[in-house]
Trainee: 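If you scroll down you'll find the structure; I have some questions about it.
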Amino acid sequence: MAGRTARLMLLAGAAALASGSQGDREPVYRDCVHRCEERNCSGGALRHFRSRQPIYMSLAGWTCQDDCKYECMWVTVGLYLKEGHRVPQFHGKWPFSRFLFFQEPASAMASFLNGLASLVMLCRYHTSVPASSPMYPTCVAFAWVSLNAWFWSTVFHTKDTDLTEKMDYFCASTVILHSVYLCCVRTVGLQHPAVASAFRALLLLMLTAHVSYLSLVHFDYGYNLAANVAIGLVNVVWWLAWCLRNQRRLPHVRKCMVVVLLLQGLSLLELLDFPPFFWVLDAHAIWHISTIPVHVLFFSFLEDDSLYLLKESEAKFKLD
Ligand SMILES: [Zn+2]
């Protein structure tokens with residue numbers, strides 16, 4: 001037992017600073033993956049692997065190397081637990097039990113349900129709000145940007161690759177930027193359309209620079225997080241300031257206020273980082289699950305607000 005402990009290279013603390021995670025830097029894990037790939041992932045062994053791999057696994061892009069990493073992850077986790085150590089992360093993630101081809105079943109399912117909620121609310125918006133409402137095009141565009149982001153989030157949590165990870169990050173940033181734009185149109189743009197157009201151009205420029213830097217120069221997780229937090233703060237402060245000013249006059253604005261505050265509170269869940277319950281439910285998945293009703297409430301606010309603006313513009317038209 002002591003020999004095995006010595007072979008476990010425990011690098012707590014310093015782990016976060018170097019690249020990779022504690023689990024995948026573990027010699028036991030590396031040896032295991034190396035031997036597994038040598039044994040199974042070339043020549044006749046690879047043909048055998050492919051012949052018995054379920055079709056949905058190959059279609060989802062699971063390779064022999066992925067399977068080796070998955071099996072060896074559990075071997076390493078087993079050793080850690082047996083020796084009383086804390087569960088390590090591998091390649092930046094906790095160990096998750098795979099379900100069919102879903103790498104992180106709970107987060108994938110929750111992302112899908114967020115997307116479904118956005119789609120249902122978009123359909124509701126289409127049926128209850130006439131296209132002549134001043135905010136109609138901006139709200140519909142926001143719903144599509146959200147749907148796109150939830151699609152990529154579902155794909156990323158189903159199978160983590162370089163491309164799906166980038167798409168998940170970039171599309172999530174697009175949602176935050178579009179929410180700021182939505183706020184600009186609602187608070188300033190209806191009276192001053194030129195300001196909204198100029199602001200939209202600025203946001204598009206920022207998004208292009210952000211995506212170009214991360215994909216062409218260097219994928220910097222710290223910078224990406226800082227950029228999203230900064231634009232997220234602008235989003236929160238702008239929406240909240242507008243809500244506070246208008247909540248007495250427009251009761252439906254309270255829905256928007258609850259959404260903004262809930263999203264802030266729930267995002268604290270992301271700071272909790274614990275090994276997944278039952279190897280399925282981690283803080284990120286719980287966060288994704290918790291945002292489903294928040295989307296419903298936000299679209300409900302957009303619907304109320306669009307109907308209010310329509311009534312207001314019709315009243316003005318009659319007066320004129
Ligand atoms: Zn996610």
Side-chain angles (χ1 to χ4, degrees), residues 114 117-118 121-122 124-126 128-147 149 171-207 210 226-268 287 290-317 319:
N114 273 286
S118 302
M121 293 312 278
L122 171 65
R124 241 188 80 147
Y125 186 86
H126 267 308
S128 66
V129 178
S132 53
S133 172
M135 286 294 287
Y136 186 90
T138 321
C139 290
V140 170
F142 178 73
W144 282 108
V145 167
S146 300
L147 261 175
C171 295
S173 301
T174 317
V175 175
I176 308 176
L177 285 173
H178 203 292
S179 173
V180 178
Y181 174 63
L182 193 68
C183 188
C184 171
V185 174
R186 180 62 182 93
T187 56
V188 185
L190 293 178
Q191 284 82 37
H192 312 281
V195 175
S197 297
F199 191 62
R200 182 176 56 206
L202 174 73
L203 290 178
L204 279 172
L205 200 73
M206 278 166 64
L207 181 68
H210 179 73
N228 281 324
V229 168
I231 200 78
L233 275 179
V234 172
N235 190 33
V236 169
V237 171
W238 198 342
W239 273 116
L240 262 190
W242 177 76
C243 289
L244 286 170
R245 272 185 54 185
N246 291 282
Q247 57 157 337
R248 278 176 196 275
R249 198 168 55 88
L250 312 170
H252 65 266
V253 159
R254 289 198 188 117
K255 286 186 186 175
C256 179
M257 215 149 83
V258 171
V259 167
V260 174
L261 294 174
L262 264 181
L263 279 182
Q264 282 313 296
L266 291 172
S267 65
L268 294 177
W287 178 64
S290 69
T291 58
I292 301 170
V294 180
H295 283 293
V296 174
L297 192 61
F298 189 57
F299 279 103
S300 162
F301 155 72
L302 291 179
E303 194 182 313
D304 292 350
D305 197 49
S306 299
L307 289 172
Y308 159 76
L309 286 170
L310 183 70
K311 237 191 207 166
E312 194 195 45
S313 71
E314 280 170 356
K316 233 184 229 165
F317 186 71
L319 273 178

Trainee: Which value, rounded to the nearest 0.5 Å, describes the distance between H178 atom NE2 and R200 atom CZ?
Mentor: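 Atom-to-atom, H178:NE2 and R200:CZ are 9.0 Å apart.
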Trainee: Kindly indicate, with the supporting measurements, whether the criterion ring-ring contact (aromatic ring centres under 6.0 Å, His included) is fulfilled by Y181 and F142.
Mentor: CA-CA 9 Å; Y181 174 63; F142 178 73; over 10 Å; no
Trainee: For W238 and V188: C-alpha separation, side-chain torsions, deciding distance, then whether side chain to side chain contact (heavy atoms under 4.5 Å, CB included) applies.
Mentor: CA-CA 11 Å; W238 198 342; V188 185; 4.2 Å; yes
Trainee: For a quick test of reading the model, state the closest non-hydrogen atom pair linking L307 to S128 and the distance between them.
Mentor: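 Shortest heavy-atom separation between L307 and S128 comes out as CD2-O, 3.4 Å.
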Trainee: Which atom names give the shortest non-hydrogen contact between M121 and S300, and what distance separates them?
Mentor: CE-N, 3.9 Å
Trainee: When you measure from the side chain of S306 to the backbone N and O of L302, does any donor-acceptor pair fall under 3.5 Å?
Mentor: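 Looks like yes, one N/O pair under 3.5 Å.
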Trainee: About how many Å separate CD of E312 and CG of D305, when rounded to the nearest 0.5 Å?
Mentor: 9.5 Å
Trainee: Determine the interplanar angle of the F301 and W239 rings, folded into 0 to 90°, and report it as parallel if under 30°, tilted if 30 to 60°, perpendicular if over 60°.
Mentor: perpendicular
Trainee: Distance from R245 atom CZ to L250 atom CG, nearest 0.5 Å?
Mentor: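 The distance works out to 11.5 Å.
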Trainee: Identify the two heavy atoms, one from Q264 and one from V236, that lie closest to each other, and give their separation to 0.1 Å.
Mentor: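 Nearest pair, atom of Q264 first, then V236: NE2-CG2, 2.9 Å.
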Trainee: Say whether, by atom type as modelled, one donor and one acceptor occur between the side chain of N246 and the main chain of W242 under 3.5 angstrom.
Mentor: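 At least one qualifying donor-acceptor pair exists.
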Trainee: Enter the distance from L182:CG to T187:OG1 here, rounded to the nearest 0.5 Å.
Mentor: 9.5 Å
Trainee: With the side chain counted from C-beta on, respond yes when H126 and Y136 share a heavy-atom pair under 4.5 Å apart, and no when they do not.
Mentor: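 The answer is yes, as the side chains (C-beta and beyond) meet within the 4.5 Å cut-off.
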Trainee: Before giving the answer on side chain to side chain contact (heavy atoms under 4.5 Å, CB included), spell out for L240 and L261 the whole-Å C-alpha distance, their side-chain angles and the decisive distance to 0.1 Å.
Mentor: CA-CA 8 Å; L240 262 190; L261 294 174; 4.1 Å; yes
Trainee: Determine whether V294 and L263 make a side-chain contact, defined as any pair of heavy atoms from C-beta on separated by less than 4.5 Å.
Mentor: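 Side-chain contact under 4.5 Å: yes.
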Trainee: Do F299 and R124 have side-chain heavy atoms sitting under 4.5 Å apart?
Mentor: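 Contact flag for F299/R124 side chains = no.
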Trainee: Please assess T138 against R186 for the test side chain to side chain contact (heavy atoms under 4.5 Å, CB included), listing each intermediate value before the final yes or no.
Mentor: CA-CA 9 Å; T138 321; R186 180 62 182 93; over 6 Å; no
Trainee: Can you check whether F199 reaches V185 side chain to side chain, under 4.5 Å on heavy atoms?
Mentor: no
Trainee: Do S133 side-chain atoms and P130 backbone N/O form a donor-acceptor pair below 3.5 Å?
Mentor: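 Looks like no, no N/O pair under 3.5 Å.
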Trainee: Using 0.5 Å steps for rounding, measure from the CD atom of Q247 to the SG atom of C256.
Mentor: 11.5 Å
Trainee: What closest approach, in Å, do S146 and V175 show between heavy atoms, and which atom pair accounts for it?
Mentor: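 S146 and V175 have their closest heavy atoms at CA-CG2, 4.0 Å.
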Trainee: Looking at every heavy atom in both S290 and P293, which two are closest together, and how far apart are they?
Mentor: O-CD, 3.4 Å
Trainee: Going through the checks in order, is the side chain to side chain contact (heavy atoms under 4.5 Å, CB included) test met by L177 and I231?
Mentor: CA-CA 7 Å; L177 285 173; I231 200 78; 3.5 Å; yes
Trainee: Drop me the distance from S118's OG to L147's CG, to the nearest 0.5 angstrom.
Mentor: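 CG of L147 is found 5.5 Å from OG of S118.
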